[in-house]
Amino acid sequence: MNSPFSASTPTRAPPRSFLSPKPRSPNPLPKHTKKPIKKLTDADRYTHYNPEKEPIKAYLRIRPKPENYQSIEEPYIEIIDDTQVSMTPPQNSNAYRTRHRAPERYRFTKVFQDRTNQTTFFNETIFDLVQDVLLGNNALLFAYGVTNSGKTFSVMGKVDNAGLLPRSLGLIFNSINEYQSKTKIKPAMHSLAQVYECEDEENRHVLNSCSNEEILQPLDETPTIDIDPNFEYGIWVSFIEVYNEQVYDLLDTMTKPGNKRKQLQLKYEQKSGNKYVADTNTVKVKTIQEALAIMKLGQQNRQVFSTLMNQTSSRSHSIFTIHVVKCPIDENNFVIEDPNYAIVSKLSIVDLAGSERYKNTNSSGQRLKEAGNINKSLMVLGQCMEVLRVNQIKAEMGKNAAIVPFRHSKLTELFKSTFEGDGKAVIIVNVNPFDTGFDENSHVMKFAAVAKDVTTWKQFKPKLDLQNVQVNSKRPRNETKELLPESPDEEEYVEDVEEGEEEEEELNDDNDYFVDSLITQLNDLRNKWIDAETRATNAEIDVRAQVSKENDNELRKMEEMYLLALKRESDMMESQISNRLQLIADNKDINVTDERENAFLTMLHQRQQTVAEEMNVLRMHIKDFDTTRQSMLAKIADLEKENYKERQHSQSLVIELQLQTNNHESSPMLKSIEHATEDEDDEDHDMLKENEDPKSLESFNQFLSLRKQLRRSIFKREELCKDADDIMNQVEQFCGVTFKLAKETKMGKLLKLIAQEEFEKDPYQIRNRAVKLFKRYAQLPTSIEKNGTESSMMMDSVPHELPRQAFASMTINTEESQDFHNLRAENAKLKQKIKLLNKGQNRLKEAFENTKNHQDVLMMDESCTNKASNTVPEVFHQQQDMSLVPEAMSDEPTCTEITKPGVAIEQHVIDDYESDINELLKQKMRHKRRRKLRSR
Ligand SMILES: Nc1ncnc2c1ncn2[C@@H]1O[C@H](COP(=O)(O)OP(=O)(O)OP(=O)(O)O)[C@@H](O)[C@H]1O
């Protein structure tokens, strides 16, 4: 029997329980170094492995033409040789339309043509992996391809044509045969071993759920592998699926059909840093039949729904894992039942869900979501491959590795360890060139091309040392042998074992001394190594603690320093802000460093200058205005004086006229004119006394009343109107008018006045009618007084015969007429002068109005400008009475709030002046009217 520690035997590092401390790396970093402790990157991990490269293998399998395939189109895939294919884009492909039309070439580890049978395919693809797994390494195989390309066929096969998985199981069971273990050690977590007591932990209850139907029979032609006979092999299987990015146990027999299945969680294994699926039913299987039954059960539970393209399309990624727990057998044929010495390896066979294009499958709803998740996880798988490949190139160039996006999907999270080098990986690429689109297959090919370039590194496997195994962990192998299932070759095996033992004993006899010394040396070396390791570990712990303490202190100091600096800065900022606010409040010059504030202040200064200039201009205007006002006032005073003189002059003229009239004319008529305008009402009473006869008194009163009405109507209105016409009619039709009546009621005087007047408008011919009536009255006979004296209408003022002549001819003697003419001319001149004065006054008034308006506009502008700039001009503050400025300067000033006292005073003066002018004008009008009346 071969020694379990021979050089050719690949063994793992001294295994420990998952609770035991993490083993030291085979190539540890130099100890006692003060270099900062660097966290291992993906690229670093590669350097920790034995530099024996193991690229991922990619096999292409082309599906045969379906039996019912009708199309006459030529397949777009052409096999060039055993490792290469070329794909020519057909006309209906996207590639043909958008990219290029040249054939694409893809290289694989091996290309399997459509006629390749399952046995050949198995032998040339997975056989090595199974061998590796039995040797204690991990392995991964996954089938990748478009839906309906033959993945499930390749992995599972058919009842009569088993695929890779059942064949692998068959190979394992065929190979381990009598070395199958009944040791109570089971696989745990990601890659650990664990002792168990209760048989329930073997999960064999799952077998009860398996049907007794016919199962795959791949075993007849399955070869065997020469296994390491220094171990016993326990075989465990688990079957899970990743469906819609959730992990489910396909061997979950507790959940009844129709109920919601339990979602499994991915957990983290501290020791290896890898993730594993927790709470799966990992079943211990003892025969190939049991294993196949489990496989079939899981396959049935797998989410299978039909799509347009594949009637039994897999909608999930299924992962069937074969766990091999190897327990060493020592030289005394004792099985070491210590989990620390058990080797756990696994082969995961993944049947990926088919990648698909939505338009080809008409997926919708749940199916569409499934398709999305499937495509997502496959995309992430492709991304991981790509990053791994690039990282490798970078590592060779000494560059830092990029982060591989394993965490982006459950699938890649689960197989992170494999892609990082923990075991071999194989990709089966399935292609169906007959009813699957070129573009989809082209994607698959590209993925494979990338994956093939990814190189993993074989892990360094130190030898097992069984020297210190405790006695109670050992079990004599023959005990277990009874428990093993019966094998047809059992007798042969026993014979072989006995022969081997004899040979070994012989060898031991020959080499006793030499072996003993070797063992002693080995023990010494081992002890030294352990001491060195312990020292190194302690030193490392110390260094780590010291470094972390120093780091902590540094960090704390830096934190404190930054906090202090921050606080100082914030205090400074706060004080600066408050200073600036204060300065702004006091309206002082602000020295600011901030660019924006500088700009704002510059703008403010400019504004201030503009406002100051405007104020200067205003002041000049006000000065000019003052000067103009003074000159105007002087002019007004001159005009007033002139006016006064004119008035004096006109009065003197009137007096002169009166004197002339009195002297030159003793006409009672003229006298009566003057009296008529002044003392009419007083005389009425006297006249009444004279009329003693009640009848004539009544007629007198009526005629007098008519005369008054006529006078009022004619001289108190602007133009002669209808009522003047009515009164005139009444006067004309008045019966019994005597000369005396006309004289005593002064109707004659009035008619004369009317006759002399030049009315602007005289629609009722009042003047002509007055002339006629005056003539008529003049022709009336004068009454003879009883006392023989002739009573005349003009007795008091005019000679008896004069009125008759005068009124008859309406002519006045030449001298009188000349005087009148002169007077009139004089009067006209006066009128003209008064008109001029009025005009001057009006212009002055206009000028004042304009000035006032201009001033108002300026005030309005100024206050509005202040409002716009939201500040009060400096000049304003300096020169104006602050009491007139609104109290709170922070309050926005309004147009009416800000007033200038100087201007207000000006306004007051103007108002006063205006009212004076108005008063003057009124007086002038009164004088004019009076003069007019007097002159008449
Ligand atoms: N090499 C082959 N020889 C004979 N038949 C095959 C081969 N490959 C696939 N088939 C047949 O093609 C059909 C589809 O295959 P399969 O179900 O394995 O496709 P798939 O890629 O797993 O699809 P999906 O991803 O949708 O599950 C099946 O009926 C299968 O028997």
Side-chain angles (χ1 to χ4, degrees), residues 59-69 71 75 77 79 85 108 110-126 141-167 216 218 241-244 250 295-296 298-320 349-358 360-363 366-368 370-379 381 411 427-437 440-441 443-445 447-448:
Y59 298 103
L60 177 69
R61 186 177 200 186
I62 300 168
R63 198 191 126 170
K65 191 190 278 190
E67 282 171 14
N68 54 353
Y69 188 69
S71 174
I77 291 187
I79 298 169
V85 289
F108 292 87
K110 180 150 186 171
V111 175
F112 293 95
Q113 299 194 14
D114 54 356
R115 51 181 181 272
T116 308
N117 63 37
Q118 297 280 55
T119 311
T120 315
F121 191 62
F122 170 77
N123 289 336
E124 297 193 27
T125 55
I126 203 170
L141 176 140
F142 52 93
Y144 190 97
V146 179
T147 187
N148 203 31
S149 57
K151 298 182 295 295
T152 310
F153 180 83
S154 296
V155 171
M156 299 293 178
K158 301 270 178 184
V159 176
D160 54 350
N161 199 4
L164 299 176
L165 175 55
R167 282 170 193 272
L216 304 170
E241 71 171 346
V242 181
Y243 174 68
N244 273 344
L250 288 174
M295 185 192 85
K296 195 174 180 200
Q299 192 64 2
Q300 279 166 357
N301 288 339
R302 196 176 169 193
Q303 284 285 335
V304 177
F305 292 90
S306 65
T307 61
L308 271 184
M309 300 190 74
N310 183 358
Q311 284 302 304
T312 54
S313 178
S314 317
R315 312 303 302 160
S316 63
H317 309 300
S318 75
I319 304 161
F320 191 98
I349 297 175
V350 185
D351 179 7
L352 292 173
S355 63
E356 57 194 326
R357 302 186 82 190
Y358 308 132
N360 291 347
T361 53
N362 280 354
S363 299
Q366 183 66 8
R367 298 288 84 79
L368 190 64
E370 283 170 1
N373 280 319
I374 291 166
N375 287 344
K376 180 196 158 193
S377 54
L378 294 177
M379 189 187 75
L381 184 62
L411 195 68
I427 299 173
I428 306 292
V429 177
N430 290 91
V431 170
N432 170 14
F434 298 98
D435 48 15
T436 313
E440 292 91 322
N441 280 326
H443 280 121
V444 174
M445 295 289 197
F447 165 78

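Numbers here are sequence positions counted from 1. Indexing begins at 1, ligand by ligand and atom by atom, following the structure's order.
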Item to complete: Just let me know how V146 lines up against ligand 1, side chain, backbone, both or neither, with a heavy-atom cut-off below 4.0 Å.
Response: backbone
Item to complete: Test the R63-F153 pair against the cation-pi criterion, namely NZ or CZ under 6.0 angstrom from the six-membered ring centroid and within 45° of the ring axis.
Response: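 Not flagged: R63 not positioned over aromatic ring of F153.
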Worksheet entry | V431, N430, V429 screened by side chain to side chain contact (heavy atoms under 4.5 Å, CB included) with S149, the one that passes |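 Testing S149 for a side chain to side chain contact (heavy atoms under 4.5 Å, CB included) against V431, N430, V429 leaves exactly one candidate, N430.
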Worksheet entry | Intermediate values then yes/no, side chain to side chain contact (heavy atoms under 4.5 Å, CB included), L411 and F142 | CA-CA 11 Å; L411 195 68; F142 52 93; over 6 Å; no
Identify, by atom number and element, the atoms of ligand 1 in contact range of [X], meaning under 4.0 Å from any of its heavy atoms.
X    : answer
K158 : 29 (O), 31 (O)
P64  : 1 (N), 2 (C), 3 (N), 4 (C), 7 (C)
T147 : 23 (O), 24 (P), 25 (O), 26 (O)
G150 : 8 (N), 9 (C), 15 (O), 16 (P), 18 (O), 19 (O), 20 (P), 21 (O)
S149 : 19 (O), 20 (P), 21 (O)

Discussion item. Heavy-atom contact check, 4.0 Å cutoff: does N148 meet ligand 1?
Written reply: yes
Practice prompt. Decide yes or no on side-chain hydrogen bond (donor to acceptor under 3.5 Å, both in side chains) for R167 and T119, but give the supporting numbers first.
Written response: CA-CA 8 Å; R167 282 170 193 272; T119 311; 3.3 Å; yes
Worksheet entry | K151 side chain to V146 backbone, donor-acceptor under 3.5 Å | yes
Worksheet item: Just by distance, do the side chain of E241 and the backbone of G298 share a donor-acceptor pair under 3.5 Å?
Response: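 Looks like no, no N/O pair under 3.5 Å.
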Item to complete: Decide yes or no on side chain to side chain contact (heavy atoms under 4.5 Å, CB included) for Q113 and I62, but give the supporting numbers first.
Response: CA-CA 5 Å; Q113 299 194 14; I62 300 168; 5.8 Å; no
Fill in: Backbone or side-chain N or O of F153 under 3.5 Å from ligand 1 N or O
yes
Practice prompt. Kindly confirm or rule out an N or O of K151 lying under 3.5 angstrom from an N or O of ligand 1.
Written response: yes
